[in-house]
Asks: 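I have a structure here, written as structure tokens, and I will follow up with some questions on it.
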Amino acid sequence: MEIWIRDIDHIREAAKEFILHMPKGNVFAFYGKMGAGKTTFIKAVCEELGVDDVITSPTFAIINEYHTDKEDTIYHFDFYRIKKLEEVYDMGYEDYFYSGRLCFIEWPELIEELLPEDVTKVRMKENRTGERFVEF
């Protein structure tokens, strides 16, 4: 499925559509070049899911934990700075990925072999006119 994001003003609409069509499973791996809009889109999805927390990229923390107004927890990972898989083992990634709670992962290509079998791969791309789309 493809969801087009015309511009930043329409990202919440795209997030709503993404939520409406989210496949079963809880782990979503977001692929895309630097600046593709992964963090911005995940932020919009989290807001649409009822997160009131400040939503930022977990680039330095590696993981951010958000809480929704329905008392659900969402985990947001950014593995860009991971140097060795041992770092991911040490943080206890399995406790998150297999918790049943939503996990949104940026830079999953760096930990590909650790992703669950039922992971949903989400590709974010930009066309020549600057429009972005989400494909899953």
Side-chain angles (χ1 to χ4, degrees):
M1 168 162 213
E2 282 185 359
I3 300 172
W4 284 90
I5 306 169
R6 281 198 338 245
D7 54 41
I8 194 72
D9 294 332
H10 294 93
I11 197 160
R12 295 288 291 261
E13 293 169 18
K16 286 178 190 174
E17 190 173 347
F18 178 79
I19 292 166
L20 187 64
H21 295 96
M22 283 171 70
K24 292 196 186 315
N26 65 301
V27 180
F28 294 82
F30 287 79
Y31 295 82
K33 295 188 288 186
M34 182 77 70
K38 298 179 296 292
T39 301
T40 304
F41 186 71
I42 290 170
K43 179 180 190 271
V45 170
C46 287
E47 289 170 348
E48 288 301 319
L49 289 170
V51 172
D52 289 328
D53 302 329
V54 174
I55 302 165
T56 59
S57 175
T59 302
F60 294 101
I62 299 175
I63 179 172
N64 286 346
E65 181 176 316
Y66 309 125
H67 301 280
T68 71
D69 54 8
K70 295 182 177 91
E71 298 183 23
D72 290 326
T73 301
I74 298 172
Y75 299 115
H76 179 191
F77 300 85
D78 185 332
F79 290 117
Y80 183 74
R81 296 193 180 280
I82 290 294
K83 303 282 187 252
K84 297 182 272 181
L85 279 180
E86 287 77 26
E87 295 174 64
V88 184
Y89 286 115
D90 290 346
M91 68 177 278
Y93 79 95
E94 292 168 312
D95 293 337
Y96 299 103
F97 291 2
Y98 299 100
S99 67
R101 299 177 188 268
L102 283 175
C103 295
F104 297 134
I105 303 169
E106 296 185 53
W107 301 104
E109 49 273 72
L110 300 174
I111 62 148
E112 195 80 36
E113 63 196 67
L114 302 180
L115 295 174
E117 285 184 28
D118 65 345
V119 65
T120 298
K121 294 184 177 186
V122 181
R123 304 201 188 285
M124 298 200 63
K125 299 179 182 177
E126 185 176 1
N127 67 14
R128 288 178 225 152
T129 64
E131 289 179 312
R132 290 176 165 83
F133 66 93
V134 179
E135 178 181 75
F136 58 98

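In what follows, every heavy atom counts, from backbone to side chain, and hydrogens, waters and symmetry copies are set aside.
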Asks: Hydrophobic cluster membership, with links at side-chain heavy-atom distances under 4.5 Å among I/L/V/M/F/W/Y: are Phe28 and Ile42 in one?
Replies: yes

Asks: Please list all pairs meeting salt bridge (Lys or Arg N to Asp or Glu O under 4.0 Å) that have one or both residues in residues 50-77, counting only residues at least two apart or in different chains.
Replies: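 Passing the test, one end in residues 50-77: no pairs.
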
Asks: Would you indicate whether the side-chain heavy atoms of Tyr75 and Asn26 approach each other to under 4.5 Å?
Replies: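 Result no, sub-4.5 Å side-chain heavy-atom pair not found.
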
Asks: Could you tell me how the ring of Phe18 sits relative to the ring of Phe41: parallel (under 30°), tilted (30 to 60°) or perpendicular (over 60°)?
Replies: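 It falls in the perpendicular class, over 60°.
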
Asks: Is Lys38 reaching over with its side chain to a backbone N or O of Lys33, donor-acceptor style, under 3.5 angstrom?
Replies: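 Confirmed, Lys38 side chain pairs with Lys33 backbone.
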
Asks: Indicate, with yes or no, if Val122 and Tyr31 share a hydrophobic cluster defined by side-chain heavy-atom contacts under 4.5 Å among Ile, Leu, Val, Met, Phe, Trp and Tyr.
Replies: no

Asks: With rounding to the nearest 0.5 Å, note down the distance linking CD1 in Ile105 to CG in Leu110.
Replies: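 So the gap between those two atoms works out to 11.5 Å.
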
Asks: Answer whether the closest heavy-atom distance between the side chains of Val27 and Tyr96 falls below 4.5 Å.
Replies: no

Asks: Given side chains that start at C-beta, do those of Leu114 and Tyr89 come closer than 4.5 Å, heavy atoms only?
Replies: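 SC-SC contact between Leu114 and Tyr89 confirmed.
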
Asks: With sequence neighbours excluded, tell me which residues meet side-chain contact (heavy atoms from CB on, under 4.5 Å) with Glu126.
Replies: Arg132

Asks: Find out if a path of hydrophobic residues (ILVMFWY) with successive side-chain heavy-atom gaps under 4.5 Å connects Val134 to Met1.
Replies: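 Cluster IDs for Val134 and Met1 match.
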
Asks: Write down the atom of His10, the atom of Asp7, and the distance for their closest heavy-atom approach.
Replies: ND1-OD1, 2.7 Å

Asks: Would you say Met124 and Leu20 are hydrophobically clustered, going by side-chain heavy atoms of ILVMFWY under 4.5 Å?
Replies: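 As far as the 4.5 Å side-chain criterion goes, Leu20 and Met124 are not connected within one cluster.
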
Asks: With a 4.5 Å heavy-atom cut-off, do Lys43 and Glu47 have their side chains touching?
Replies: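 SC-SC contact between Lys43 and Glu47 confirmed.
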
Asks: Taking Thr56's backbone N and O only, do any of them form a donor-acceptor pair with Asn64's side chain (distance below 3.5 Å, no angle check)?
Replies: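 It does hold such a pair.
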
Asks: Is it true that atom OH of Tyr98 has more than 12 heavy atoms of other residues, nucleotides or ligands lying nearer than 6.0 Å?
Replies: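 Result for OH/Tyr98: enclosed.
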
Asks: Can you tell me how far the CD atom of Glu2 sits from the CD atom of Glu17, to the nearest 0.5 Å?
Replies: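 One finds 11.0 Å between CD of Glu2 and CD of Glu17.
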
Asks: Do Leu102 and Leu49 have side chains that get closer than 4.5 Å, going by heavy atoms?
Replies: yes

Asks: Please, which pairs that meet salt bridge (Lys or Arg N to Asp or Glu O under 4.0 Å) have at least one residue in residues 93-118, sequence neighbours excluded?
Replies: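 Listed once each, the pairs are Glu112-Lys121.
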
Asks: Nearest 0.5 Å, please: how far is CD in Glu48 from CD1 in Ile19?
Replies: 5.5 Å

Asks: So among Trp107, Phe30, Phe104, Phe97, which one has a side chain to side chain contact (heavy atoms under 4.5 Å, CB included) with Phe77?
Replies: Phe97

Asks: I want to check something: taking the side chain as every heavy atom from C-beta on, are Thr120 and Met22 in contact at a cut-off of under 4.5 Å?
Replies: no

Asks: Any side-chain heavy atom of Arg81 sitting closer than 4.5 Å to one from Thr59?
Replies: yes

Asks: Would a 4.5 Å heavy-atom cut-off, applied to side chains only, mark Ile62 and Phe79 as touching?
Replies: yes

